[in-house]
Amino acid sequence: MLQINLIKNNKAEVIRLLAVKNFDASDLIEKIIQLDDRRKETKKMLDEQLASSNKMAKEIGQLFKTGNAQEANLLKEQTAALKQSSKKLSEELGSIVKTLSEAVIELPNIPHPSVPEGKSEKDNEMIFEEGTVPVLENNAKPHWELAKEYDIIDFDLGSKVTGAGFPFYKGKGARFQRALINFFLNEALERGYTEIQPPLFVNEDSAYGTGQLPDKEGQMYHITEDNFYLIPTSEVPLTNIYRQVTLKEGDFPIMNAAYSSCFRREAGSYGKDVRGLNRLHQFDKVEIVQIQHPDKSYETLEVMKDYVASLLRKLELPFRIIRLCGGDLSFTSALTYDFEVYSAAQRMWLEVSSVSNFESFQANRMKLRFKAKDGKTQLAHTLNGSALALPRIVAALLENNQTFDGIKIPRVLQSYTGFELIN
RNA sequence: GGAGAAAUGGCAGAGUGGUCGAAUGCGGCGGUCUUGAAAACCGUUGAAGGUCAAACUUCCGGGGGUUCGAAUCCCUCUUUCUCCGCCA
C-alpha cells in the first residue's frame, strides 16, 4: 500500500512510474486524492461537533455537581440534535475511509528506477549468467523419469493419497530433500540469519499484511471453518511477526530465515510447466526475510542476491539472474531478481528463487515502523528471497548430474546426505 | 470440549460513571552533583489524524451498545491464566 501523502505530493511521478508496471493510475489517483480531501473535510466537521459535545457534557457534569439539575436537564435536551448530526457525520466518514482504503489498495507498488519497461517475461533483463550448461547424452532423462527409475519420488502415489501436485518423496529422495533443507538452513545461519519455525496457517490479517489478500485470494488454500490460510511461502508469517510493531533504529537489520512447506493452489496452470516437480501444490522452501532501514534496503537487496548466487554456486548449478521488467514484477514488489537454473534434460531454465525489495509497501499495510534518530516514526522496508525453493533445485540436480551409474550428489551436500550417489 | 478469572502506557500496577490520556513504581531520555561512573536529586517520557505551529479529535485487547458523559455499565469476538475432560 502506498502512502497517500506520497501520492499527493508526487502525483505525476507516481503515475509515470506505475506506467512502467503497465498500470494506468491516473484516474485512480485522482479519485484517491479527492476522497482524501473529503475525508479531511468530514473529519474536521466531525471533530468540531465532537468538541462541542464534549464541552457540553462537561458543563452538564459541573451543573449536576453544583446541584443545578434544572439547568443541566435543559442543556441535555440541546445535545440531542448535535448527537444525531455527529452520528450521521461519523457514518459518512466511515464510508469515505472504507472507499478510500479500497481504492488505495488497488495501487501496486512503485517500481524502482532500474526496472526495465516491458509487457511480459520476454522483456525481463538478464543481468548475470554463470556456469556451463551441461551437455547430456542423447538418452538423458527428465527428472520425473529418473525419479521413477530410482524410486525416489512417487507422483502417482501422491495423486492417489491426495491429488496431483502432492508427491511422495521416498528413501534417498526423502533424505536428499532433508539434506538440502539442512544445507540451506545452515548456510543462512552462517550468514547471520535467525532460524524460525513459523506456523503454516495464518489469519486473514497476516495474509493481507504481506499482500496475498485481497488480490491473490484464489492462490491460497483457505480453511473456511476457522478462516485460516495455508501459507504460500513463509514470507507471510515471517514478515507478519512485525505487523503493528515499532522497532528501534538499532534493531536493524532484522534477519530471519525459515524452512517451511508452502501451499499453492496454482489454479489455471497446465501443460509442461507443471510436469514432475516443475509446479507443485505443496513444496518445501527455505526463505530469508530482512527488515531494514529505508536508506539501506537496496544495499541489502544486493547482499541477498549475492547470497542466493553463492548457494547455487556451491550446488554447482548453472544459473542466471534476471531483473524483472515492469510487466512481470509482482503487485507488491519494487524490484525483483529472479534466479533460474538450467535443467539440462528438459532443456529449460527453471525459476528457483525470487529476491525482492518491497520498500515500505508491505510495511505500510501492516504498520511496521521504526523510531528514527530524530524521534519521528516512519515505515521500515521489507525484503525477502527464496534460499531456496527445493523442487526445481532437485529437478535440475537430478537431470544435470545423471550418469550411467546413478545420480551424483554435489560435493557440498554429501556430508548432509551421507551418500554420494542415488542408484 | 466444559466451568471460572482476566486483558490498562516499554514493563509492573492503580483506577467501577464526569475534573482520567490515565495515579504510583521501574525502565528510557535530559540535567545537577562527580575527574569519570554509580547513588541521590530535578525535569521529561505513548500513538494516530489535524495544523506553519497550535487548538481540536480518536485510542485503556477488537467490534457493537447504553448514557448528556464510559477505562469504568451491557452484548459479542479474540487472547491469556486456573480447574475438569480428551490427547501427540
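This is a predicted model, so every value here is computed, not measured.
- Atom C1' of B:A22 sits at a distance of 24 Å from the matching atom of B:U79, rounded to the whole Å.
- Residue-level contact check: A:Lys248 touches neither bases nor backbone, having no heavy atom under 4.0 Å from any strand.
- B:A3 and B:A88 have their C1' atoms separated by 25 Å, given to the nearest Å.
- Judged by Watson-Crick or G-U wobble contacts below 3.5 Å, the nucleotide B:G1 has B:C84 as its partner.
- Atom P of B:U19 sits at a distance of 13 Å from the matching atom of B:U72, rounded to the whole Å.
- Where A:Gln62 and A:Thr377 meet RNA chain B, the nucleotide closest to each residue was compared, and A:Gln62 sits on the side nearer the 5' end.
- Comparing the same atom, P, in B:C56 and in B:G4 gives a spacing of 45 Å after rounding to whole Å.
- If you check every strand for non-hydrogen atoms under 4.0 Å, A:Lys40 touches sugar and phosphate atoms only.
- A:Lys88 has no carboxylate O lying under 4.0 Å from a charged side-chain N of A:Glu91, or vice versa, which leaves the two without a salt bridge.
- Nucleotides B:G18 and B:A70, compared at atom P, are 11 Å apart to the nearest Å.
- Of the nucleotides present, B:G18 is the one that pairs with B:C68 by Watson-Crick or G-U wobble criteria, both distances under 3.5 Å.
- B:C41: Watson-Crick or G-U partner is B:G31, with both key distances under 3.5 Å.
- For A:Leu75 and B:C68, the CG to P distance is 12 Å, given to the nearest whole Å.
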Legend entry - Test log, rule side chain to side chain donor-acceptor pair (under 3.5 Å), inputs A:Gln362 and A:Glu235: CA-CA 11 Å; A:Gln362 292 180 330; A:Glu235 163 201 346; 2.9 Å; yes
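- For the pair A:Lys172 and A:Tyr150, the cation-pi test (distance below 6.0 Å, angle within 45°) is failed.
- Across all strands shown, B:G25 is found opposite B:C11 as a Watson-Crick or G-U wobble partner, with both distances under 3.5 Å.
- B:C59 and B:G65 are spaced 13 Å apart, taking the P atom of each and rounding to whole Å.
- Electrostatic pairing of A:Glu41 and A:Arg38 does not count as a salt bridge here, judged by no charged N lying under 4.0 Å from a carboxylate O.
- Close to B:C56, at under 4.0 Å from its OP1 or OP2, lies no side-chain N or O of A:Asn54.
- In this structure, A:Asn203 places its CG atom 14 Å from C1' of B:C77, rounding to the nearest Å.
- Between B:G61 and B:A14, the two P atoms lie 14 Å apart (nearest whole Å).
- The distance from atom CE of A:Met366 to atom C1' of B:A48 is 19 Å, rounded to the nearest whole Å.
- Between the A:Lys141 side chain and the A:Ala147 main chain, no donor and acceptor come within less than 3.5 Å of each other.
- Place A:Lys83 and A:Glu48 on RNA chain B by their nearest nucleotides, and A:Glu48 ends up nearer the 5' end.
- Pairing partner, B:G61: B:C77, with both Watson-Crick or wobble hydrogen-bond distances short of 3.5 Å.
- Atom CG of A:Leu100 is separated from atom C1' of B:G49 by 13 Å (rounded to the nearest Å).
- Residue A:Arg39 places its side chain closer to B:G50 than to any other of B:G18, B:G50, B:U57.
- In a base pair of the Watson-Crick type (N1 to N3 plus N6-O4 or O6-N4) or a G-U wobble (N1-O2 and O6-N3), with each distance short of 3.5 Å, B:G36 is matched with no nucleotide.
- Taking atom CD of residue A:Gln244 and atom P of nucleotide B:G62, one finds them 10 Å apart after rounding to whole Å.
- Following rounding to the nearest Å, A:Leu63 (CG) and B:G69 (P) show an atom-to-atom distance of 15 Å.
- Here the side chain of A:Lys371 is nearest to one of B:G46, B:G18, B:U58, namely B:G46.
- As a whole-Å value, the separation of A:Asp47 CG from B:U58 C1' is 8 Å.
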Legend entry - Intermediate values then yes/no, salt bridge (charged side-chain N to carboxylate O under 4.0 Å, His left out), A:Arg39 and A:Asp36: CA-CA 5 Å; A:Arg39 198 205 92 231; A:Asp36 192 54; 2.4 Å; yes
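- Residue A:Phe64 has its side chain nearest to B:G18 when only B:G18, B:U58, B:A47 are considered.
- Counting any heavy atom pair closer than 4.0 Å across all strands shown, A:Ile60 reaches a base atom.
- With B:C56, B:U58, B:A47 as the candidates, the nucleotide lying closest to the side chain of A:Ala51 is B:C56.
- The interatomic distance linking A:Phe228 (CZ) with B:U79 (P) rounds to 8 Å, in whole Å.
- In this structure, B:C56 and B:G49 make a Watson-Crick or G-U wobble pair, each of the two defining distances being under 3.5 angstrom.
- Under the 4.0 Å criterion applied to side-chain N and carboxylate O atoms, A:Lys11 and A:Glu30 are assigned as salt-bridge partners.
- A gap of 24 Å separates the C1' atoms of B:C74 and B:G21, to the nearest Å.
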